[in-house]
Amino acid sequence: MKISLRSLSFTTKMLLLILVILICTTIAFMLLTQHEVEKIMWNTVTASVHDMRKLISLYVDNEYRGLLFHKEYALNRYKEQIKNVTGIVISDIDYYHSLYEKGILSEQDAKAFALESVENFRYGNNDYFYIYDTDLTAISHPDPNIKGKDMTEYQDVKGNYPLKMIKGKVLESGNGFESFWYIHLDESKPVEKLTYNYYFKPWNWIIGTGVYIDDIDKDIESKLEEILSEFRKTFSKIRIGENGYFFIFDNNHIFLVHPTMEGVDFADVDIPGMGIEHYEHLVEASKNPDKPYTYFWNKPGHPDNLNYKKIAYVDLFEPLDWYIVSALYVDEMKEPARRIFHRELLITLAALLIACVITFFIVRRFTKPVKILTAHARQLTENNFGTTDSTELTHLTRSSHDEMGQLAETFISMEKTLQQYITDLKLTTAANEKIRSELRIAHEIQMSMLPQTFPAFPARNEIDIYALLEPAKEVGGDLYDFFFIDNNHLCFLIGDVSDKGVPAALFMARSKSLIRATSMLLKKGQAGIPSPAEIISEVNFELYRDNEHCMFLTLLLGILNVATGHISLTNAGHNPPYLLKKDQIELIELPHKTPLGLRQNVQYTSEEIMLSDNQSIFLYTDGITEATNEKDELFGENKLEKTLRTQPDSNPFTVLKMIIKEVHEFSGKTPQSDDITMLDIQYYSKQ
Amino acid sequence: MHITTNKEQGIRIISVEGKIDSFTSKDFQDSLIKYILDGEYNFLIDCSKLVYISSAGIRAFYFALRELNSNGVIALCSANDDILHVLELVDFHSDFPIFNTIDDAINELK
């Protein structure tokens, strides 16, 4: 079944409309909110990530500072220690030198005692003192390979000339610290030896001692390891979003801190794109620490799925060459927004559902009166506007006083009026139908009174008669007639009763009968043929009597002697006739006289004319000349004459048919307003 | 049809505009009869704006004339040629004086 929008009920349409509006609004609202919420949430998450990054940087920096402090402290302790010990040795040497100065010892002995004392002095981890002269020859040194040798050109593993540096420093400031680097036999890494040197000026001796301070570095390293393990503990607890985490790797591409890959070298990661390449990308990213770097990696709990999109911020901690990476999962960052969106969607859907239900009931309530009205109207039509059950409608007028109630009231009153109107209409229609049928019968009777059989006188070869009456839609009052008064005398007439309608028709019928009767009576009374004037005068007298409404008849009446072609003719207010000759037409001018029925005494006169062989006399009513066309123009005498002239050799039948055809063509669709009547009598002499 | 009327020098002048035919002749007739019943007897129908008169119109004139019962006159003036032609056919001037202009008519009737 095909459902079109038009076939839906009003309720459904309203519901649909409201639903569409609600849904559109909701969708628009949701889309806007979602976008906004996502943005806000994203900003919130990134802001918190930045805060955490800052915190971690501070933390790492702090730890590093602690380390530096620790290192400095350890070094200072060493420095103080060796400086103090050196002080003791120097005071020994000073003592022997003072003995020489006091003259108790010779300078030789004093130096020998001092040297012996220094050579025998040991402290700490069997640490010793050495003495060089200002030419950098080792005067005292526990190593026999060095003692007595010039060490000016000695280089340490880093390529420095430590003794030159020591000499420079002590000659300038009397004492000072200097470091140089050794490689122990069983180790590959060079270790630092911190020395303190003192310039004993009286004898030009450079006295110094050194301690290996690699234990400081070892200590620092173990401290660093402690810090890292602290980081691991701390970082493992920090989550960005649900599963995002921090990790640290160093410039040797080793993961120092990582929830799953601690200690792993990037180079050993056997996943395409995630080895050294990934390392290099991250290092590159550290140059723009606030610009997120995007890549795909797995997620804790889903180690085999490498399709999680991540963004990472890489911060380089330069003092240690550590790269601290804050890595988060994009889907998790969007998660809060999505959760809010889902909750919103659920609430909105619920609201929509409630709105629908409410709307449904409201619309149904609103449309219920319309439904009642519709049902009532249908009932009314089905019952052919007869009696209907108005209980519901009446109830409606009482229950609601709004437009619907008023409509119902109007409906009830309209229904009553309508029913009354229908009843009246039925009566009127019946009455009209009766009148119309009576009029039709009247018209038919009227027509049947006129001679309509042609040829009218088949036995008469002297004349050819044709007549035609084309009635207007309304009953009119035209008439024509022809009859023989005696064997040779043909009485013919054409007339037009004033106005139209049944009175005109009755007047016409009466006139027609009167004319025939009068003609015959006069003939009998006079024992001869009466003149047309006598007949008309007599008929006028009769018609004038009791003519309260001033009906009148224009009449043209003639009597033709078929033996001679002589015509007596009287005109009572009618259009003058034409004489049709073979090659011309002639208007027969007659004195105009008052039509019949208007005045009691009118002196009508008869005029005499002659018809020759093949000539005819043409009579007509103003239905011809006053026929109008669409422009309201009249057919007129001119057109009539013109048409008559075009038919020189024709008989009455063809002449009349020709004219009626012309009139029809002229009128077109304009309705005929008056009867059209013509009569044509053609005369053939006996010769 | 539209009728306007005024009285001048004892003559009720009735100007008819449009057509006097089957549909309008009754109105025309009624307005004439009304003045006759009011006792007026000198009538001049100004036909300058009359375009057509049918037999029903002619009947109305005769009806009014009979109502006057020879105690007055109904004259016409300023009729166009078509109307004059129709009136001539029925020998109208035997019963109703016909003038060329309204002034001629007033001069003659007053």
Side-chain angles (χ1 to χ4, degrees), chain A residues 472-478 495-501 503-504 507-508 540 543-544 547-556 570-577 589-605 621-623 625-626 628 632-634 636-637 673-675, chain B residues 1 17-33 36-37 43 45 49-76 79-98:
Chain A
K473 205 172 178 187
E474 240 180 304
V475 178
D478 275 14
D496 182 1
V497 176
S498 61
D499 216 345
K500 294 169 194 131
F507 197 80
M508 169 258 173
N540 177 47
L543 287 178
Y544 178 75
N547 187 8
E548 274 178 29
H549 294 96
C550 286
M551 305 283 290
F552 66 85
L553 169 72
T554 68
L555 185 70
L556 188 61
T570 297
N571 185 3
H574 198 82
N575 302 63
E589 297 279 6
L590 298 165
H592 298 125
K593 292 290 179 186
T594 310
L596 284 68
L598 289 174
R599 288 160 65 195
Q600 190 164 18
N601 294 306
V602 185
Q603 288 304 311
Y604 291 101
T605 53
T621 61
D622 58 6
T625 48
E626 287 180 12
T628 53
D632 217 20
E633 293 166 342
L634 299 175
E637 278 93 358
S673 64
D674 203 358
D675 291 353
Chain B
M1 185 193 69
E17 196 179 333
K19 292 178 175 180
I20 307 178
D21 56 20
S22 305
F23 301 106
T24 59
S25 64
K26 187 73 168 65
D27 288 345
F28 174 68
Q29 179 179 313
D30 288 349
S31 62
L32 265 173
I33 297 298
I36 293 168
L37 293 178
F43 292 94
I45 313 302
K49 287 176 183 167
L50 185 65
V51 294
Y52 174 77
I53 181 161
S54 77
S55 55
I58 290 166
R59 193 161 71 89
F61 271 92
Y62 273 99
F63 190 87
L65 188 65
R66 188 186 300 183
E67 198 65 36
L68 270 177
N69 201 13
S70 305
N71 296 319
V73 65
I74 300 173
L76 292 84
N80 70 33
D81 287 347
D82 290 339
I83 289 169
L84 284 177
H85 180 63
V86 171
L87 298 180
E88 211 176 291
L89 269 183
V90 296
D91 197 21
F92 207 62
H93 50 79
S94 302
D95 299 302
F96 304 91
I98 298 176

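The sequence lines fix the lettering, A, B, ..., with proteins before strands; numbering per chain opens at 1. Predicted, not measured: the structure shown is a model, and the values here were computed from it. Both backbone and side-chain heavy atoms feed into the values below; hydrogens, waters and symmetry mates do not.
- Here S54(B) pairs with D21(B), Y52(B), A56(B) under the side chain to side chain contact (heavy atoms under 4.5 Å, CB included) rule; sequence neighbours left out.
- Counting heavy-atom pairs closer than 4.5 Å to chain B, the top-ranked of the candidates V497(A), L590(A), N547(A) is N547(A).
- Residues K19(B) and D632(A) come closest through the heavy atom pair NZ-OD2, 3.9 Å.
- Residues satisfying the side-chain hydrogen bond (donor to acceptor under 3.5 Å, both in side chains) test with S22(B), not counting sequence neighbours, are D499(A).
- Note that the CG atom of L89(B) and the CG atom of D622(A) stand 8.5 Å from one another [nearest 0.5 Å].
- Neither the backbone nor the side chain of D496(A) comes within less than 4.5 Å of any heavy atom in chain B.
- Nearest approach of C550(A) to R59(B), heavy atoms of both residues: O-CG, 2.6 Å.
- Residues of residues 60-67 of chain B lying within less than 4.5 angstrom of chain A, judged on heavy atoms, are Y62(B), F63(B), R66(B) in numerical order.
- Pairing each heavy atom of S55(B) with each of S498(A), the nearest pair is OG-CA, 3.4 Å.
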Test T594(A) against D95(B) for side chain to side chain contact (heavy atoms under 4.5 Å, CB included), laying out the working first.
CA-CA 9 Å; T594(A) 310; D95(B) 299 302; 4.1 Å; yes
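- Using a 4.5 Å heavy-atom threshold, the side chains of V86(B) and E626(A) count as touching.
- Contacts of N575(A) with chain B are made by both backbone and side-chain atoms, with heavy-atom separations under 4.5 Å.
- Only the side chain of T554(A) comes within contact range of chain B, judged by heavy atoms closer than 4.5 Å.
- Every residue two or more places apart in sequence or in another chain was checked for a side-chain hydrogen bond (donor to acceptor under 3.5 Å, both in side chains) with H549(A), and none qualifies.
- Interface summary for chain B: among P591(A), G636(A), G573(A), P576(A), the most heavy-atom pairs under 4.5 angstrom belong to G573(A).
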